[in-house]
Amino acid sequence: MTEFYDGVYVIFLNRPKQKNAFNKLMIDQWVEALEHAKMNEDIKVILITGKENAFCSGGDINDMQADSVPAQTKDYLWRNVHRVALTIHDIDKPIICAINGIAVGAGLDMALMADIRIMAETAKVSEGYINIGLIPGDGGAYYLPRIVGYSKALELLWSGDFISANEAKEMGLVNMVYPSEGFFEKSLEYAKVLAAKPQIAVRLIKRTVKQSIKSDLSSSLDLVSSHFAIVKSTEDHKEAVNAFLQKRKPVFTGK
């Protein structure tokens with residue numbers, strides 16, 4: 001289920017009776033929505049949240065083959081679940097996850113893929129794989145240490161404990177914690193602010209940061225000089241300079 005608000009494309013995880021656990025159909029719809037958001041220039045920011053009282057409780061056990069052979073399990077993950085991570089990885093637009101309720105296992109991993117995470121004060125999250133004898137199967141082992149550090153990631157993965165919104169913010173797992181009442185509206189408000197920014201600069205900032213993580217200083221600065229030259233030639237940059245000189249609020253067009 002998707003909705004559109006002033007440049008913000010909202011993807012709702014919509015299986016509330018299953019705490020928004022995902023099955024193959026939901027993954028297909030999720031990837032389809034992400035691909036649409038990637039290509040549609042009217043969409044500036046992607047906001048992902050859950051319906052009702054959960055964000056995502058991970059994979060739906062009823063959709064998995066408990067007695068499958070290893071090759072089938074690997075194929076199921078690669079051809080289905082991992083498509084979300086691989087699709088998100090190729091999107092330059094800002095992606096925000098609004099964790100409105102519980103996020104467990106692969107449900108938390110899905111949130112870790114976002115650029116910004118916002119969490120409701122009553123929500124709780126857990127890398128609960130260990131409690132059912134599994135390893136993180138959806139990018140948790142990749143994203144979590146990059147966000148909270150190696151040792152803290154192992155602590156969370158080995159314990160499988162639930163942590164509160166305030167604990168998550170303290171360790172840098174989420175960026176902001178909002179009151180549960182009006183949580184979606186507050187998250188949407190934040191996304192709209194980002195959607196109103198100069199979009200070429202927004203996307204090149206994201207690209208520069210991602211590429212710099214894997215680069216040495218010289219390579220990073222060389223890349224920055226190229227991106228800087230591009231954004232300096234945009235109409236949005238000229239509008240920002242003129243607005244500053246004229247003491248008014250700039251109006252950006254994404255050009």
Side-chain angles (χ1 to χ4, degrees), residues 7-9 11 31 34-35 37-41 43-48 82-99 108-119 125 127 136 138-157 168-177 187 190-241 244 250 252-255:
V8 180
Y9 187 64
I11 300 175
V31 172
L34 288 168
E35 291 285 4
K38 176 182 177 181
M39 301 305 297
N40 190 319
E41 284 304 312
I43 295 170
K44 314 300 182 188
V45 175
I46 302 165
L47 177 65
I48 304 171
H82 292 169
R83 291 165 58 214
V84 175
L86 294 170
T87 303
I88 285 177
H89 185 73
D90 287 334
I91 297 176
D92 283 342
K93 298 175 182 180
I95 300 174
I96 302 168
C97 267
I99 306 171
L108 176 54
D109 290 350
M110 295 292 193
L112 298 179
M113 299 170 192
D115 304 308
I116 298 287
R117 282 163 297 284
I118 304 170
M119 194 167 170
V125 299
E127 285 282 6
D138 193 26
Y142 178 87
Y143 288 103
L144 197 59
R146 287 167 167 78
I147 295 170
V148 301
Y150 173 83
S151 295
K152 194 65 180 179
L154 285 177
E155 177 190 334
L156 295 174
L157 290 165
K169 186 174 186 299
E170 185 176 345
M171 69 178 68
L173 187 65
V174 300
N175 300 79
M176 284 87 73
V177 174
S187 300
Y190 176 83
K192 285 181 178 179
V193 170
L194 195 51
K197 301 286 185 181
Q199 290 303 303
I200 295 175
V202 166
R203 296 176 198 179
L204 286 182
I205 286 172
K206 177 175 175 176
R207 187 179 299 182
T208 300
V209 170
K210 286 177 67 177
Q211 292 172 331
S212 293
I213 290 173
K214 299 180 289 185
S215 302
D216 59 75
L217 177 60
S218 178
S219 299
S220 177
L221 292 177
D222 182 49
L223 176 70
V224 165
S225 65
S226 299
H227 288 348
F228 193 94
I230 291 171
V231 294
K232 193 174 185 296
S233 68
T234 62
E235 293 180 15
D236 279 347
H237 169 66
K238 296 170 186 175
E239 163 64 9
V241 172
F244 175 80
F252 298 119
T253 60
K255 299 179 181 179

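The two atoms that bring A85 and Y143 nearest to each other are O-OH, 4.4 Å, heavy atoms only. In plain terms, the two heavy atoms of A111 and I99 that are nearest each other are CB-CD1, 3.9 Å. Across F252 and A240, no two heavy atoms sit closer than the pair CE2-CB, 3.9 Å. Of all heavy-atom pairs spanning P145 and G140, the tightest one is CD-O, 3.7 Å. Smallest separation of non-hydrogen atoms from S187 and A98: OG-CB, 3.7 Å.
The only member of N175, V177, I118 that meets side-chain contact (heavy atoms from CB on, under 4.5 Å) when paired with K169 is V177. Just one residue in the list T87, I91, D138 forms a side-chain contact (heavy atoms from CB on, under 4.5 Å) with M113, and that residue is D138. A side-chain contact (heavy atoms from CB on, under 4.5 Å) with L112 is found for one member of V125, V148, V174, I147 and no other, namely I147. Here the options are D115, D90, D92, the test is salt bridge (charged side-chain N to carboxylate O under 4.0 Å, His left out), and the partner is R207; only D92 passes. For the side-chain contact (heavy atoms from CB on, under 4.5 Å) with V241, the lone residue among E239, K238, H237 that qualifies is H237.
Checking side-chain atoms of K206 against main-chain N and O of K93 turns up a donor-acceptor pair under 3.5 Å.
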Are I48 and M110 close enough, and set up right, to give a side-chain contact (heavy atoms from CB on, under 4.5 Å), and what steps lead you there?
CA-CA 10 Å; I48 304 171; M110 295 292 193; over 6 Å; no
Kindly determine whether L144 and D109 satisfy side-chain contact (heavy atoms from CB on, under 4.5 Å), including the steps that lead there.
CA-CA 8 Å; L144 197 59; D109 290 350; over 6 Å; no
Side-chain donor-acceptor pairs under 3.5 Å in residues 208-217, sequence neighbours left out?
| unit_1 | atom_1 | unit_2 | atom_2 | d |
| --- | --- | --- | --- | --- |
| T208 | OG1 | L204 | O | 2.6 |
| K210 | NZ | H89 | O | 2.7 |
| S212 | OG | T208 | O | 2.7 |
| S212 | OG | S220 | OG | 2.7 |
| S215 | OG | Q211 | O | 2.7 |
| D216 | OD1 | S218 | N | 3.1 |
| D216 | OD1 | S219 | N | 2.8 |
| D216 | OD1 | S219 | OG | 3.2 |
| D216 | OD2 | S219 | OG | 3.0 |

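Shown here are the side chain to side chain donor-acceptor pair (under 3.5 Å) partners of K255, two or more places apart in sequence or in another chain: there are none. Residues forming a salt bridge (Lys or Arg N to Asp or Glu O under 4.0 Å) with K152 (at least two apart in sequence, or on another chain): E155.
Between L173 and M119, every side-chain heavy-atom pair lies at or beyond the 4.5 Å cut-off. Between M176 and I116, some side-chain heavy-atom pair lies under the 4.5 Å cut-off. The closest side-chain heavy-atom distance from V202 to P94 is below 4.5 Å. Taking the side chain as every heavy atom from C-beta outward, I46 and I96 never approach each other to under 4.5 Å.
Rounding to the nearest 0.5 Å gives a distance of 10.0 Å between CG of D222 and NE2 of H227. Once rounded to the nearest 0.5 Å, the distance linking CZ of R83 with CG of L86 reads 10.0 Å. From D236, atom CG reaches atom CD1 of I200 across 6.5 Å, with rounding to the nearest 0.5 Å. A distance of 16.0 Å separates NZ in K197 from NZ in K192, rounded to the nearest 0.5 Å.
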